[in-house]
Amino acid sequence: MVSLEQKASEWSGVDPKDAVAIDEINLFEKLGLQTFINLSTNFYNRVYNDEEEWFRSIFSNSNKEEAIRNQYEFFVQRMGGPNLYSQRKGHTALIGRHRTFPVTHKAAERWLHHMQQALDSAADIDEDSKTKMINFFRHTAFFLVAGVELKNQNKGTGCKNCSHHH
Ligand code: HEM
């Protein structure tokens, strides 16, 4: 059976070991909170202004300020800082939280396009940190594509591992 991890690696082209290079140093200590706030603000400004309506509309039921906070709190937590996200919202459960969105290969590439632009314009992030971050983002994006696809396949037919029980 092909795992989500394997699919994420194959589809993203990111080696699993490069995807977790963000853990080699403490990026939160290196960059500081404001850098993460800046990055997520920059990213979501691009998303909410996207000329591609199909992508922009994925976020139309979300509040931009909340989306920014959700994202930077998650990044801070994942990259060595305090557990701001979980303190406020509980488990990160990223696949579950993306389940209702059309997280396709095309959407992943568009998400990554905006994140790459946001990183490119971030004067407060050094090149090595940028490389580590984009590898993590790319791998996670395709992990989400694979995970949401799997969840939606199981929906309706129920859990196939459970179908033998009564
Ligand atoms: C693959 C394409 C992706 C799409 C289409 C997508 C779409 C969305 C949307 C529509 C939201 C709701 C905005 C909000 O209210 O917070 C969201 C939330 C979020 N996304 Fe994504 N996302 C993608 C990739 C990613 C990646 C790669 C990450 C992490 C590296 C990520 C992390 C998050 C987090 C932490 C939240 C907040 C969840 C919550 O608290 O409900 N997303 N995403």
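Atom set for the values below is all heavy atoms of this structure, side chains included, hydrogens, waters and symmetry mates excluded. Please read all numbers here as calculations on a predicted model, not as lab measurements. Read the numbers this way: they start at 1 and go in the same order the structure lists the ligands and their atoms.
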Run the side-chain donor-acceptor check on residues 136-143: report pairs under 3.5 Å with partners two or more places apart or on a different chain.
residue, atom, partner, partner atom, Å
R138, NE, S12, O, 2.8
R138, NH1, E109, OE1, 3.3
R138, NH2, E109, OE2, 3.1
H139, NE2, E5, OE2, 3.1
H139, NE2, S9, OG, 3.3
T140, OG1, F136, O, 2.7

[X] heavy atoms, cut-off 4.0 Å: which ligand 1 atoms fall inside?
X	result
I58	10 (C)
F74	29 (C), 35 (C)
A67	13 (C), 14 (C), 16 (O)
F137	27 (C), 30 (C)
T140	29 (C), 30 (C)

Once rounded to the nearest 0.5 Å, what's the spacing between atom [atom1] of [X] and atom [atom2] of [Y]?
X	Y	atom1	atom2	value
I95	L4	CD1	CG	5.0 Å
L119	S129	CG	OG	10.0 Å
I125	M133	CD1	CE	4.5 Å

Between F55 and A107, what is the shortest heavy-atom contact and its length? CE1-O, 3.4 Å
Looking only at the side chains, is there a donor atom on one of N49 and R56 sitting less than 3.5 Å from an acceptor on the other?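 No donor-acceptor contact under 3.5 Å links the two side chains.
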Are a donor atom and an acceptor atom from the side chains of D120 and Q116 found within less than 3.5 Å of each other?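 Yes - a donor-acceptor pair under 3.5 Å links their side chains.
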State whether the number of non-hydrogen atoms from other residues, nucleotides or ligands found under 6.0 Å of N63 atom CG is greater than 12.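 Atom CG in N63 is crowded, with more than 12 foreign heavy atoms closer than 6.0 Å.
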Within less than 2.8 Å of atom 21 (Fe) of ligand 1, how many protein N/O/S atoms are there?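 The number of such protein atoms is 1.
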Step through it carefully: locate the ring centre of F59, locate the ring centre of Y44, and say whether they are under 6.0 Å apart.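 Yes - the distance between ring centres of F59 and Y44 falls below the 6.0 Å cut-off.
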is_close_aromatic(F43, W111), centroid dist under 6.0 Å: yes
Got the closest protein heavy atom to [atom], with its distance?
atom	answer
atom 12 (C) of ligand 1	S62 OG, 3.4 Å
atom 7 (C) of ligand 1	F59 CZ, 3.5 Å
atom 39 (C) of ligand 1	Y85 OH, 3.2 Å
atom 41 (O) of ligand 1	K89 NZ, 3.4 Å
atom 16 (O) of ligand 1	N70 ND2, 2.8 Å
atom 5 (C) of ligand 1	A107 CB, 4.1 Å

E127 versus K132: any side-chain heavy-atom pair under 4.5 Å?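 Contact flag for E127/K132 side chains = no.
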